[in-house]
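Encoded as structure tokens, the structure appears first; notes follow it.
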Protein chains: 2
Amino acid sequence: MTRRPAESKSSAHICYYCSLMWFDEGMVDTAAEPSANLSPRARARQQTMRDIVRIGREHLATDGAAALSLRAVARDLGLVSSAVYRYVASRDELLTLLVVDGYDELGDAVDAALTDVDRADHPGRMRAIGRAVRAWGLAEPATYALLFGSPVPGYEAPAEQTTGPGTRVVVRLVEVWEDAWQAGAITADEGAVSPRRLSRDLARIRRQMGLAVPERLVARGLFAWAALFGCVTWEVFGQYGSATFTDPADLFEQHLDALVETVGLG
Amino acid sequence: MTRRPAESKSSAHICYYCSLMWFDEGMVDTAAEPSANLSPRARARQQTMRDIVRIGREHLATDGAAALSLRAVARDLGLVSSAVYRYVASRDELLTLLVVDGYDELGDAVDAALTDVDRADHPGRMRAIGRAVRAWGLAEPATYALLFGSPVPGYEAPAEQTTGPGTRVVVRLVEVWEDAWQAGAITADEGAVSPRRLSRDLARIRRQMGLAVPERLVARGLFAWAALFGCVTWEVFGQYGSATFTDPADLFEQHLDALVETVGLG
DNA sequence: ACGTTTGAGAGAGCGGTGCTCTCGTTTCGA
DNA sequence: TCGAAACGAGAGCACCGCTCTCTCAAACGT
């Protein structure tokens with residue numbers, strides 16, 4: 001315990017928690033009403049909390065998660081460094097706030113994109129989700145990296161805060177496939193996948209989410225989910241190089257074709 | 001310039017450089033022969049360099065890239081912190097060494113996996129590459145995160161050192177598809193993709209790599225490449241949750257089916 | 001209305017970090 | 001052999017996360 005106080009031990013990932021347990025979302029009811037009949041002190045505290053998150057987001061965007069420093073946030077806030085510990089227990093807790101903030105913003109972006117697409121246009125809805133994720137990732141690369149990039153060593157994000165917001169996108173994707181299946185827009189083999197233990201896991205997921213789609217399609221959906229974020233990550237993290245494509249959006253549209261096709265919505 | 005010396009400004013990604021410019025690999029000829037007729041001092045220097053990389057890798061594996069500290073490496077090396085600057089100009093340069101080391105190890109792993117597969121078994125070769133990437137990523141999560149995870153803010157990895165090793169995997173993938181195409185194992189639309197500017201970019205890549213595969217397949221290959229690493233990243237970074245799958249390898253095999261299928265090798 | 005509790009902020013301090021500088025010493029090569 | 005180059009050590013600077021104590025004012029209870 002004499003080593004570095006927090007940084008050294010930090011080593012788990014933010015998204016161990018945005019695990020596939022989307023079934024119990026009711027747990028997330030932190031952050032009660034913003035300012036309804038509160039004492040002046042409590043109102044001031046809420047305002048300061050909001051300022052901390054806002055300034056933290058700014059630093060995250062400009063310098064990245066690794067360079068996010070509580071001291072710098074305190075400076076911008078006009079406080080001495082120790083004072084911010086009245087509001088945030090540690091640097092990691094600030095990261096958690098930013099993680100939740102990021103997941104919510106991404107979820108809102110996806111939801112907003114879906115309002116423009118006819119519920120019966122399943123490929124269109126899937127493409128809209130993909131485009132929304134990509135657009136948000138490119139607009140907020142640092143937050144995207146925080147959510148979907150390297151695990152922050154030793155950092156154990158609290159599942160009760162991050163699981164709900166963290167699963168909004170995949171829940172939307174599953175909705176699309178479920179809709180399409182129930183509308184008969186997808187044909188897929190309804191037989192069990194092999195091996196048996198994978199089939200059991202997929203069956204459990206179907207049951208917990210109340211899905212009608214066959215397990216083979218659940219597996220394909222998981223692939224499409226990972227592949228979608230793979231494409232976005234490749235672009236946000238610059239894996240294609242800077243001068244390879246005139247407009248990477250063109251390539252992403254091709255990738256969307258492949259994604260739609262791979263779940264049988266081609 | 002009075003701010004933090006290096007950490008604060010760090011903000012670019014390692015893999016801007018493992019860009020798609022695999023065509024000029026000849027540039028990478030750093031690291032001459034290890035110890036052929038060298039003065040004792042030079043030999044000692046080489047040994048120290050190797051020790052630094054070795055200890056750095058250990059710290060990377062145990063604590064992650066964020067916690068990698070030159071001072072800690074110096075301690076393990078029995079040197080005072082300033083002394084290691086005789087060998088490594090900065091923490092970022094140590095990261096570069098580890099990046100190159102990691103790319104090479106991954107490339108070796110992929111090459112080794114391919115030796116066991118018949119050159120004519122194109123789906124088998126593609127699956128072998130995928131399994132090798134996954135196995136290496138799970139075995140070396142910290143190095144995997146360094147290569148394919150969040151960009152290190154402000155860090156501009158030198159392309160001349162990282163481009164070659166960084167493109168070994170995708171080069172192998174392209175080889176497989178090219179072989180399969182020339183063997184007539186893939187059927188694909190040979191028409192141009194839209195829009196025109198994407199078609200031009202893909203045509204340029206074909207030309208530069210001397211490929212016979214049609215541009216539509218180049219686009220699909222890029223998708224498969226990103227999707228493969230998306231699947232591996234999802235698993236290495238724990239996005240699936242810890243208790244969701246009895247053995248994630250089973251799911252990955254399903255994903256490999258999808259990957260093989262998406263490039264027309266189904 | 002008044003004492004008491006509680007919370008906010010300041011400041012000092014600890015050990016850690018990357019990195020620079022200087023200063024002796026050792027080694028190499030001409 | 002002797003000057004130059006490399007090497008290691010040490011001090012030091014500015015920054016980091018975090019803890020502790022102290023003061024002071026606001027809020028609360030009686």
Side-chain angles (χ1 to χ4, degrees), chain A residues 1-11 37-49 51-52 55-56 59-60 63-98 152-155, chain B residues 1-11 37-49 51-52 55-56 59-60 63-98 152-155:
Chain A
M1 281 305 176
T2 64
R3 307 232 3 229
R4 276 187 295 156
E7 213 175 355
S8 77
K9 295 182 244 97
S10 53
S11 140
N37 262 4
L38 289 174
S39 69
R41 186 171 258 175
R43 291 172 57 89
R45 187 177 180 84
Q46 283 194 341
Q47 185 56 50
T48 304
M49 285 295 289
D51 287 346
I52 288 175
I55 294 172
H59 286 206
L60 192 66
D63 300 325
L68 184 74
S69 123
L70 264 179
R71 284 183 121 107
V73 171
R75 270 196 301 272
D76 284 13
L77 208 59
L79 289 181
V80 83
S81 75
S82 62
V84 305
Y85 285 87
R86 299 282 182 195
Y87 301 90
V88 170
S90 68
R91 178 179 178 276
D92 284 0
E93 191 173 300
L94 176 56
L95 279 178
T96 300
L97 293 176
L98 296 174
V152 179
Y155 168 56
Chain B
M1 281 299 179
T2 64
R3 306 243 352 237
R4 277 187 292 157
E7 215 176 354
S8 76
K9 295 182 242 96
S10 52
S11 141
N37 262 4
L38 290 174
S39 70
R41 180 173 262 174
R43 291 172 56 89
R45 184 177 182 84
Q46 284 193 339
Q47 185 55 51
T48 303
M49 286 295 290
D51 287 345
I52 287 176
I55 295 173
H59 286 205
L60 191 65
D63 301 324
L68 184 76
S69 122
L70 263 180
R71 284 183 121 106
V73 171
R75 269 195 301 272
D76 283 14
L77 208 59
L79 287 181
V80 84
S81 74
S82 63
V84 305
Y85 285 87
R86 299 283 182 196
Y87 301 89
V88 169
S90 66
R91 178 179 177 276
D92 284 0
E93 191 173 301
L94 176 56
L95 279 178
T96 300
L97 292 176
L98 296 174
V152 179
Y155 169 55

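Convention: sequence-line order gives letters A, B, ...; per-chain numbering from 1.
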Item to complete: Quick one: list whatever passes side-chain contact (heavy atoms from CB on, under 4.5 Å) with B/R41, sequence neighbours left out.
Response: B/S39

Worksheet item: Under 4.0 Å between a side-chain N/O of A/S69 and OP1 or OP2 of D/dC15, yes or no?
Response: no

Are there any protein N/O atoms within less than 3.5 Å of an N/O atom in nucleotides 7-11 of chain D, and if so, which ones and at what distance?
{"residue": "D/dC7", "atom": "OP1", "partner": "B/R45", "partner atom": "NH1", "Å": "3.0"}
{"residue": "D/dC7", "atom": "OP2", "partner": "B/R45", "partner atom": "NH1", "Å": "2.5"}
{"residue": "D/dC7", "atom": "N4", "partner": "B/R86", "partner atom": "NH2", "Å": "3.4"}
{"residue": "D/dG8", "atom": "OP1", "partner": "B/Y87", "partner atom": "OH", "Å": "3.4"}
{"residue": "D/dG8", "atom": "OP2", "partner": "B/Y87", "partner atom": "OH", "Å": "2.7"}
{"residue": "D/dG8", "atom": "N7", "partner": "B/R86", "partner atom": "NE", "Å": "3.1"}
{"residue": "D/dG8", "atom": "N7", "partner": "B/R86", "partner atom": "NH2", "Å": "3.4"}
{"residue": "D/dG8", "atom": "O6", "partner": "B/R86", "partner atom": "NH2", "Å": "2.2"}
{"residue": "D/dA9", "atom": "OP2", "partner": "B/V80", "partner atom": "N", "Å": "3.1"}
{"residue": "D/dA9", "atom": "N7", "partner": "B/S82", "partner atom": "OG", "Å": "3.4"}
{"residue": "D/dG10", "atom": "N7", "partner": "B/S82", "partner atom": "OG", "Å": "3.4"}
{"residue": "D/dG10", "atom": "O6", "partner": "B/S82", "partner atom": "OG", "Å": "2.6"}

Fill in: Atom-to-atom span, CZ of B/R75 to C1' of C/dG15 - whole angstrom
10 Å

Response to the item:
Shortest non-hydrogen pair, A/A66 vs A/R91, comes out as O-NH2, 3.4 Å

Worksheet item: Between A/Q47 (CD) and C/dA8 (P), how many Å, whole number?
Response: 14 Å

Worksheet item: Under a 4.5 Å cut-off applied to non-hydrogen side-chain atoms, are A/H59 and A/D76 in contact?
Response: yes

Practice prompt. Return the nearest nucleotide to the side chain of A/L70; candidates are D/dC18, C/dG18, C/dT17.
Written response: D/dC18

Discussion item. Any heavy-atom pair between the side chains of B/L97 and B/M49 that's under 4.5 Å?
Written reply: yes

Worksheet item: Under the side-chain contact (heavy atoms from CB on, under 4.5 Å) test, which residues partner B/S82, sequence neighbours left out?
Response: B/V80

Worksheet item: Rounded to the Å, how far apart are A/L77 CG and C/dA8 P?
Response: 13 Å

Worksheet entry | B/V73 side chain near B/L94 side chain, heavy-atom distance below 4.5 Å | yes

Discussion item. From OH of B/Y85 over to P of C/dC19, roughly how many Å is that when rounded to an integer?
Written reply: 4 Å

Fill in: Between C1' of C/dT17 and CZ of B/R91, the distance in whole Å
9 Å

